[in-house]
There are 2 protein chains.
Amino acid sequence: MKKSYHHGDLKQTLVGTLYELVNSEPLEHLTVRFLTDRLGVSRTAIYRHFPSKEALFSAVVQKAFDALEAALAEVAVEQDPLQRLHGLGGAYLDFALHYPRHYRLMMNDQWRVYREHGCSDCEDKRKGGAFEIVIDACRAAQAAGALREEDALTQATAFWAMVHGIASLTIDGHLPEEEMGALYESLFRMSCEGMCR
Amino acid sequence: MKKSYHHGDLKQTLVGTLYELVNSEPLEHLTVRFLTDRLGVSRTAIYRHFPSKEALFSAVVQKAFDALEAALAEVAVEQDPLQRLHGLGGAYLDFALHYPRHYRLMMNDQWRVYREHGCSDCEDKRKGGAFEIVIDACRAAQAAGALREEDALTQATAFWAMVHGIASLTIDGHLPEEEMGALYESLFRMSCEGMCR
DNA sequence: ACCTGAACACCGTTCAAGT
DNA sequence: ACCTGAACACCGTTCAAGT
């Protein structure tokens with residue numbers, strides 16, 4: 001293997017390397033120069049493959065969404081429908097806690113234009129595969145008589161908002177990290193049983 | 001009133017002007033040059049009053065938290081405790097929807113160091129005045145027999161996470177803006193009555 | 001005490017030129 | 001087709017100097 005003039009697969013290498021760097025480096029360090037220096041290519045090499053730094057980052061965001069979907073799919077095999085829903089929320093929170101910079105990137109409104117350009121009719125992200133998994137779990141729980149028979153999309157959205165709320169407030173330092181697990185258990189129970197009496 | 005060499009109250013003018021500009025300009029336009037040019041002072045004038053651009057922004061964030069607290073305090077006069085809780089969530093969502101850039105700034109983990117430096121023992125933001133209003137509403141609802149007698153802090157945190165989840169996903173384009181109101185009604189009802197059966 | 005102007009080390013991006 | 005190197009218009013911040 002020799003260092004050649006043509007890199008071979010620079011596009012995928014750029015996305016993959018940046019994806020890894022997001023783990024270890026704060027966002028403000030991730031300049032075009034930092035990335036290209038690490039790869040040993042010129043500063044302007046990215047513009048052969050992406051129209052802008054923003055477009056490159058949005059490819060990384062897409063990869064992160066795929067990783068989240070894979071993590072959710074892994075725990076979606078659970079048979080008991082309420083347990084499955086519980087496990088999906090847990091896996092979601094684990095992802096956010098282990099990859100906080102990826103998670104922030106995914107949720108950032110900066111990539112709105114890329115999200116909307118990427119698919120045909122997705123004003124909201126709920127069309128994505130990860131969200132389908134949650135809707136399916138709600139439908140299954142309804143069929144099993146564990147969940148009230150309401151609109152499954154609304155139920156899944158409620159669940160997402162709750163879990164995202166916990167994740168987001170925690171990784172941005174508004175809630176103590178070590179209490180996240182216990183908070184999730186409390187909220188899951190509350191939303192199941194109801195807070196009113 | 002003449003344009004003098006000494007500005008008089010440049011510090012407060014910087015914070016106030018920037019606070020207003022956050023409304024009308026995207027964050028990436030809000031450079032030190034943009035702000036100082038608008039005020040007719042030199043580019044480096046901010047460093048007399050703040051150690052960095054970041055510190056200036058964190059003062060704007062503090063002002064935004066004060067504004068949110070004021071908005072919540074306004075609806076906290078409602079007597080019926082469950083209605084009061086409902087109104088608090090609604091006012092919170094209104095704030096996020098009307099001032100999305102302020103809201104993102106407030107939640108950004110970039111100011112963590114300033115949040116922690118600002119007060120003596122606040123690893124989490126729940127010590128703040130805005131959150132106290134929500135806890136009080138939970139306690140009042142418990143006393144009135146409208147809410148289950150559980151830890152009020154946990155209940156208030158649950159409520160915050162839910163409302164922040166809706167706000168955050170909506171203003172960052174993951175959920176359609178026009179459905180936010182209806183989603184809040186659904187979630188409020190669900191968390192009250194419970195989703196399981 | 002408060003503000004300025006030149007300078008510095010960065011940044012993303014362009015474009016003509018090289019292979 | 002793919003990559004480079006010099007250049008451009010930005011950015012936050014420092015610092016000696018002015019009032």
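When reading the values below, keep in mind they use all heavy atoms of this one structure, side chains included, and skip hydrogens, waters and symmetry mates. In what follows, chains are A, B, ... by sequence order, proteins preceding strands, each numbered from 1.
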Looking at residues 46-61 of chain B, who's got a heavy atom less than 4.0 Å off DNA chain C? B:Arg48, B:His49
Take atom CG of B:Asp9 and atom C1' of C:dC3, then tell me their distance rounded to the nearest Å. 15 Å
For DNA chain D, what string of dots and brackets results from 5' to 3' when Watson-Crick and G-U pairs need both distances under 3.5 Å, crossing pairs get [ ], and pairs with another strand get |? ||.|||||...|||||.||
Between the base of C:dG12 and the side chain of A:Arg33, is one N or O donor paired with an acceptor at under 3.5 angstrom? yes
Rounded distance (Å) that lies between atom C1' of D:dA6 and atom CZ of A:Arg43: 11 Å
A:Leu35 CG - C:dT13 C1' separation (whole Å): 15 Å
Looking at B:Thr170, is its backbone amide N or carbonyl O close enough to the side chain of B:His174 to form a donor-acceptor pair, meaning the two atoms are under 3.5 Å apart? no
Atom CD of B:Glu28 to atom P of D:dC11: distance rounded to whole Å? 12 Å
DNA chain C: A:Thr44 or A:Phe34, which has the more 5' nearest nucleotide? A:Phe34
Test item: A:Trp111 side-chain N/O and A:Leu105 main-chain N/O as donor-acceptor pair under 3.5 Å: yes
Taking the side chain from A:Arg43 and the backbone from A:Arg33, do they hold a donor-acceptor pair closer than 3.5 Å? no
With no hydrogens and no angle check, do the side chains of A:Glu78 and A:His86 hold a donor and an acceptor under 3.5 Å apart? no
Quick one: closest heavy-atom pair of B:Leu175 and A:Trp160, and the distance? CD2-CZ3, 4.0 Å
Which heavy-atom pair separates A:Phe50 from A:Leu56 by the least distance, and what is that distance? CE1-CD1, 3.6 Å
I'd like to know if the side chain of B:Gln155 pairs up with that of B:Gln142 as donor and acceptor (distance under 3.5 Å, no hydrogens or angles considered). yes
Nearest-Å distance, CG (B:Asp37) to P (C:dG5)? 12 Å
Examine C:dC11: is either OP1 or OP2 under 4.0 Å from a nitrogen or oxygen in the side chain of A:Thr31? Give yes or no. yes
Go through A:Tyr103 and A:Tyr92 one step at a time and tell me if the side-chain hydrogen bond (donor to acceptor under 3.5 Å, both in side chains) criterion holds. CA-CA 10 Å; A:Tyr103 190 76; A:Tyr92 190 97; 2.6 Å; yes
State whether a side-chain donor-acceptor pair under 3.5 Å links A:Gln62 with A:Asp66. yes
